[in-house]
There are 2 protein chains.
Amino acid sequence: MTREQEGNLPDTAAEVLREFARMSGEGVDTANCPVRDVLDRVGEKWTLLILVAMSDEPRRFSALQREVGDISKRMLTQTLRTLERDGLVTRTVYPTKPPSVDYRLTGLGRSVLTPLAGLIGWAGQKHDEIRAAREAYDEREGVAA
Amino acid sequence: MTREQEGNLPDTAAEVLREFARMSGEGVDTANCPVRDVLDRVGEKWTLLILVAMSDEPRRFSALQREVGDISKRMLTQTLRTLERDGLVTRTVYPTKPPSVDYRLTGLGRSVLTPLAGLIGWAGQKHDEIRAAREAYDEREGVAA
DNA sequence: CTGTATCCCCGATGATACTG
DNA sequence: CAGTATCATCGGGGATACAG
């Protein structure tokens, strides 16, 4: 753990990583790992898109479906229920006819947008570099099987 | 404690999210979305653990397998290859007998640790709140099917 | 020690049809 | 409009055996 290895990593980040490494390395199983538990959600196919779609204002079910793009009602419902259960989203039903329902982020839900934006920003910044690395790799290793 | 109280995102984060929403909302398919492309990786089951395990210093194959815990050789190899292809990790073979191989983060690979630490930190901080939300939800909605 | 090659299973996701 | 129910599929990921 020499200092040059960590290079330009902010101390707070390094601290968080060490803490996490300690927790996850020591035979703690996945079920007991808060981070895996939460991160798996973010990894789900539609979670990120839905959170972002709601980030500025509440959205109705159909609006979300349109904005997210290719999602089925089934998956939209399922993902929204998970988010609601986790306390990131609030569901509000207006018993009009036909009914309308809106979904909005809770405080907890909004609070995840900041770290998420960090990752999204990184992805946007580095995507060219990553694509280039892939092409170089494929050429080195032979893209054809 | 400035204006970022309960509801306000830092301006930079809000900006990133708007930018991303614009890109992903407009009928751009998943294949062309840099962010989905990159984020899907992070969502893969082992990527995060492996990156963190390598975060402080290079690791040998067997060391990674021990540290990550429950991963099979198959998945470890596969995930490492993906990371290598994406330019996040360098693989170095020492033709000793028996051979030894080490994996280390590239500059690009280290650069993702910062946003990742943001998310990991969030997960650690909010996990109690999330667990509480789940219990409340399950009680409201009836845990039994 | 560091992988590859197979086989297999299950859960995540999609498609479609139906309902309050 | 906002879902639910059901069936079909596809691939991620585990287990195991083999190899350089």
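Chain letters run A, B, ... following the sequence lines, proteins first and then strands; every chain starts at 1. In this text the structure is predicted, and so the values were computed from the model without any measurement.
Using a 4.0 Å cut-off between charged nitrogen and carboxylate oxygen, R59(A) and D102(A) do not count as a salt-bridge pair. Salt bridge absent: D138(A) and R140(A) never bring a charged side-chain N and a carboxylate O closer than 4.0 Å.
Residue Y94(B) is classed as having no contact, given no heavy-atom separation below 4.0 Å to the nucleic acid.
Distances shown here put every side-chain N or O of R60(B) at or beyond 4.0 Å from the OP1 or OP2 atom of dC1(C). Not one side-chain nitrogen or oxygen of S72(B) sits closer than 4.0 Å to the OP1 or OP2 atom of dG13(D). Here S62(B) reaches the OP1 or OP2 of dT2(C): one of its side-chain N or O atoms lies under 4.0 Å away.
As rounded to whole Å, 17 Å separates atom C1' of dC1(D) from atom CZ of R59(A). Between the C1' atom of dG13(D) and the CH2 atom of W46(B) lies a distance of 9 Å, rounded to the nearest Å. Residue L49(A) contributes atom CG, which lies 15 Å from atom C1' of dT13(C) at whole-angstrom precision. Between Q65(B) atom CD and dA15(D) atom C1' the separation is 13 Å, expressed in whole Å. Rounded to whole Å, the distance from NZ on K73(B) to C1' on dC18(D) is 9 Å. Rounded to an integer number of Å, the gap from CG of D40(B) to C1' of dA12(C) is 13 Å. Going from atom CZ of R81(B) over to atom C1' of dG3(C) covers 7 Å, rounded to whole Å. In this structure, I71(A) places its CD1 atom 13 Å from C1' of dG3(D), rounding to the nearest Å.
Here the side chains of L49(B) and F20(A) are in contact, with some heavy-atom distance below 4.5 Å.
Of the candidate nucleotides dA2(D), dT4(D), dC1(C), dT4(D) has the atom nearest to the side chain of T77(A). Nearest to the side-chain atoms of P99(A) among the listed nucleotides dC1(D), dT2(C), dG3(D) stands dC1(D).
Taking the screw axis at each terminus of the helix from dC1(C)-dG20(D) to dG20(C)-dC1(D) from five consecutive base pairs, the angle between the two is 50° to within rounding of 10 degrees.
The two residues P115(B) and L119(A) have their closest heavy-atom pair at CB-CD1, 3.6 Å.
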**Request:** Can you check each nucleotide of nucleotides 5-12 of chain D against protein heavy atoms at under 4.0 Å and return B for base, S for sugar-phosphate only, - for none, in 5' to 3' order?
**Result:** -B------

